[in-house]
Amino acid sequence: MVFFRSDDESKSPPATPKAGGAVALLPLRDIVVFPHMVVPLFVGRAKSIRALEDAMAGSRELLLVAQRDHKVDDPREQDVYRVGTVGAILQLLRLPDGTVKVLVEGKSRAKIKSFSTSEPFLSCEIELVQEPEDRSVELEALVRTIHATFENYVKLNRKVPPEILNSVSTITAPARLADTIVAHLNLKLEDRQRLLELVSPAKRLEEVFALIQAEIEVLEVERKIRSRVKKQMERSQKEYYLNEQMRAIQKELGERDEFKNEIQELEETLKKKKMPKEALDRTKKEIRKLKMMSPMSAEATVVRNYIDWLLSLPWESYKEEKKDIVEAERVLNEDHYGLEKPKERILEYLAVQALVEKMKGPILCLVGPPGVGKTSLGKSIARATGRDFVRVSLGGVRDEAEIRGHRRTYIGALPGKVVQSLKKAGSGNPVFLLDEVDKMSMDFRGDPSAALLEVLDPEQNHSFNDHYLDLDYDLSHVMFVCTANVLHQIPRPLQDRMEIIQIPGYIESEKLSIARSFLVPKQREANGLKPEHIDFQDSGLLEIIRHFTRESGVRSLEREIASICRKVAREVVKAGEQFKTARINAPAVRRYLGVPKYRFGKAEEADRVGVCTGLAYTETGGELLQTEVSVTPGKGKLQVTGRLGEVMQESANAALSYVRSRAKQLGLTSDFYSKVDIHIHVPEGGIPKDGPSAGITIATAIASALTRIPVRANVAMTGEITLRGRVLPIGGLKEKMIAAHRGGISTILIPKENEKDLKELPANIKRNLEIVMVEHMDQVLVRALATDDPEHLLREGDHALDGIYEDPISPASLPAAPGVN
């Protein structure tokens, strides 16, 4: 707030510094102090506080000068103007935060002749500005004009209190009048400084008059704008009130006409719509019903919504299908690597479609682990066949009405997801993806999987009945594609209605090809890199696949590749023109991604007693599974550890029973089991394991531990064992054999009945592995145990029946083997 001394208070002027005297200088931000002005200032800068202290110790006077730039914290000589005001300190108060509040009064204009010091504060030599005395008639007229104009200004500007007008009207001195009025005008710092530097009172008053006139013009315009806006608001409120009245009158007089127009539009749309006879008759009936209803009734809204749904569905609107098999095959191969079975099935469908005019849409179910491309394959099928694509996620759905819809008796009833999606597709023959069909559940509201039985039955879905529509809708033209992670969670009746296509996880070589051909170019482009910036080598990609991901698909692999691309992008931006191509090999991968996350299975380096290499199939592919058996003196206790499931524990018991039945042939006493405790352990105990395929592996490890004969380190095996020693077939053979090849195994023992599955194996795997077919556990022991006389372990005939060897082998007759404890 700014104050001014009255004429009475200023009749005895205080002493001013002598011309040429050194005065402390106080730089001011965004303010110009004029003579006769009393203004409070808040001072926080250290130099400014020292200047105040120096002035207080002396004459209590200092020079108040405005800064050219308020952002400068430590102003120098060049940062302040050359004309300021000599001010007297009236009051000084130190605040708790270290700043100083000072009340100063402007005395007279002064010009800086030279600067004396800059430390510890600015001081300067000044020269007081003498204002000329002029009492001409012209100046008197100018003073009166200024008074009148300022009075007009105060009336227009609400920010200036009316009391100011009383104090200004008493001022007759031209110089003081100009300085007083300037403080109440909304001026820029440069304009204020220019007025301070004007010495002549007459010129100063003329400048102030021009500025007041400009301000008055702006205020007049603002007043006109305010008045116009006020009138406009009043007019808008009036129009709103009248419009509301008009609307109420129109409701009473003209709404029936508007309602008739809507019904006419519905009838016109119905004439152009292709619909089955049943749906057409129902729509006409509902429109007749709507004509007889009041527009304001709730039932009219329900009927209108029902008619809208009937008219918006693609009853007999089908999109033309592409039948070019070559082009479809190109599209499928462009989008996905591998997945031969689903691709082959789609091409077969297109081939038959080209020969037969009407064919029921296939109902496929793609079953496989996450990340292998099941959902994206649905989009590719739509692109290859030229159909529209719609997707419904069934994960967590537990209400039957989600599929069939709600009956119209309920408020807010809607059709089910099937009908809604067909409306969204806009055609009657889209590719309809039912995602995560194995994740549905059921509760008191019904079983959605049971509702799907009609949707996915080719013999019934030509007359699918939605509860909301209550009409038969033909779904036989729709190509349904379902996806699931596991098959056993899908109800058997639902499985029976679908064509199941198993999509196994990608093997290492397939992941490498996908990464090289699809993922690396995609992520390189997504992260703004060019081919010359980054070069992924096969060794680097294999390092990521083996040690930084453990999955069936390629989602984690893509994330790790993206992570490396981001880090390289940062290096490119940082290095600029000097960046050299980043070659991503195995060491580079560890440098970018850090410590490996997963252990990569390798075969044992030496033959060991009681340690046998098995093969396991997981959702992330095949794995080497070491099985260890330890025999200690005891009372016949069998201990199984390693988080083994119930089926695997039963396999361990069956394996021990087989070894007991072969005790004589293995050189063991008939009651050996009552004198020892056997501990079976499968390492990596934090991972749950189950299944029967480790049966022959456990039996071999038990036989090795009891006979002290080591198991060959380069041999791996898989197969289920029976009590009679027969070896039964298992699943996941392809993935298991790839894991054996990857882990450095040279010989693999598989059940004879799995011979048919060898056709699916890659040729390089079959070339590099010695594959041995076995039907009985005796054959497994002959090939797996490291003994120089293996023939004694196998005799001609049905061993499951006779169970007797004439020439038993004792451990003493066998050569010592490495690794025996």
Side-chain angles (χ1 to χ4, degrees), residues 1-5 10 13-131 179 182-183 187-197 199:
M1 185 176 287
V2 179
F3 304 93
F4 286 86
R5 292 280 190 182
S10 57
T16 57
K18 298 177 181 178
V23 179
L25 187 147
L26 182 65
L28 305 178
R29 295 181 179 180
D30 292 329
I31 186 172
V32 176
V33 178
F34 286 82
H36 313 290
M37 181 189 291
V38 179
V39 59
L41 300 173
F42 289 88
V43 181
R45 292 182 287 198
K47 281 189 175 183
S48 300
I49 292 174
R50 292 194 191 99
L52 289 173
E53 291 171 350
D54 181 79
M56 288 295 291
S59 63
R60 299 172 68 93
E61 293 182 345
L62 71 170
L63 184 66
L64 307 171
V65 183
Q67 288 184 206
R68 297 180 186 273
D69 185 358
H70 70 279
K71 295 179 182 178
V72 178
D73 284 325
D74 186 14
R76 300 293 179 180
E77 300 169 2
Q78 67 274 12
D79 297 322
V80 295
Y81 288 100
R82 290 297 183 269
V83 176
T85 302
V86 175
I89 300 174
L90 302 180
Q91 186 179 4
L92 187 142
L93 178 65
R94 297 185 182 275
L95 300 178
D97 61 354
T99 59
V100 174
K101 181 180 178 181
V102 59
L103 189 68
V104 296
E105 179 186 6
K107 293 300 182 183
S108 63
R109 286 174 171 77
K111 185 183 295 184
I112 298 174
K113 294 172 62 179
S114 63
F115 288 87
S116 302
T117 59
S118 61
E119 294 295 336
F121 55 84
L122 287 172
S123 62
C124 57
E125 300 284 334
I126 64 171
E127 178 184 3
L128 298 179
V129 177
Q130 299 297 327
E131 298 180 358
D179 292 342
V182 167
L187 302 178
K188 295 179 181 178
L189 180 71
E190 292 79 9
D191 294 332
R192 292 176 182 271
Q193 182 65 31
R194 183 162 47 81
L195 288 170
L196 182 67
E197 293 176 1
V199 177

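Note: hydrogens, waters and symmetry copies are ignored here, and every other heavy atom, side chains too, is used.
- A salt bridge does not link K188 with D191: every distance from a Lys NZ or Arg NE/NH1/NH2 to an Asp or Glu carboxylate oxygen is 4.0 Å or more.
- Taking each heavy atom of V33 and L196 in turn, the nearest pair found is O-CD1, 4.0 Å.
- Salt-bridge check for D73 with R45: failed, with every basic side-chain N at 4.0 Å or more from each acidic carboxylate O.
- When all heavy atoms of G44 and I49 are compared, the closest pair comes out as O-CD1, 3.9 Å.
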Show your reasoning for whether side chain to side chain contact (heavy atoms under 4.5 Å, CB included) applies to L52 and L92.
CA-CA 9 Å; L52 289 173; L92 187 142; 4.1 Å; yes
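- Y81 places a side-chain heavy atom less than 4.5 Å from the side chain of E190.
- Here the CG atom belonging to D54 is positioned 3.5 Å from the CZ atom belonging to F121, to the nearest 0.5 angstrom.
- Between R68 atom CZ and Q78 atom CD the span is 9.5 Å, to the nearest 0.5 Å.
- Summarising the geometry, atom CZ belonging to R109 is positioned 6.5 Å from atom OG1 belonging to T85; distances are rounded to the nearest 0.5 Å.
- Taking every heavy atom of both residues into account, L189 and I31 meet most closely at CD1-N, 3.8 Å.
- Closest approach of V83 and Q193 over heavy atoms only: O-NE2, 2.9 Å.
- In this structure the side chain of E61 never reaches within 4.5 angstrom of the side chain of I89, judged on heavy atoms.
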Apply side chain to side chain contact (heavy atoms under 4.5 Å, CB included) to residues Q67 and L28 and explain how you reach the verdict.
CA-CA 6 Å; Q67 288 184 206; L28 305 178; over 6 Å; no
What's the verdict on side chain to side chain contact (heavy atoms under 4.5 Å, CB included) for L93 and V100, showing C-alpha distance, side-chain angles and the deciding distance?
CA-CA 6 Å; L93 178 65; V100 174; over 6 Å; no
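- Taking SG from C124 and NZ from K111, the interatomic distance works out to 13.5 Å, rounded to the nearest 0.5 Å.
- Put simply, OG on S123 and CZ on R50 are 13.5 Å apart, with the number rounded to the nearest 0.5 Å.
- Interatomic distance, L41 CG to L26 CG, rounded to the nearest 0.5 Å: 6.5 Å.
- Contact check on R94 versus E53 returns a salt bridge, with a Lys/Arg side-chain nitrogen under 4.0 Å from an Asp/Glu carboxylate oxygen.
- Closest heavy-atom contact between V23 and L63: CG1-N, 3.5 Å.
- Remark: K107 engages E105 in a salt bridge, criterion side-chain N to carboxylate O under 4.0 Å.
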Could you go through V86 and I126, starting from their C-alpha distance and side-chain angles, then the distance that decides it, and tell me whether this counts as side chain to side chain contact (heavy atoms under 4.5 Å, CB included)?
CA-CA 9 Å; V86 175; I126 64 171; 3.8 Å; yes
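- Proximity of P27 to L25: side-chain heavy atoms (C-beta onward) are separated by under 4.5 Å at one or more points.
- Counting heavy atoms from C-beta outward, R192 and V182 have side chains that approach closer than 4.5 Å.
- Shown here for E125 and S116, the closest heavy-atom pair between the two residues is OE2-OG, 3.5 Å.
- Taking 4.5 Å as the limit, every side-chain heavy atom of D69 sits out of range of all side-chain heavy atoms of D79.
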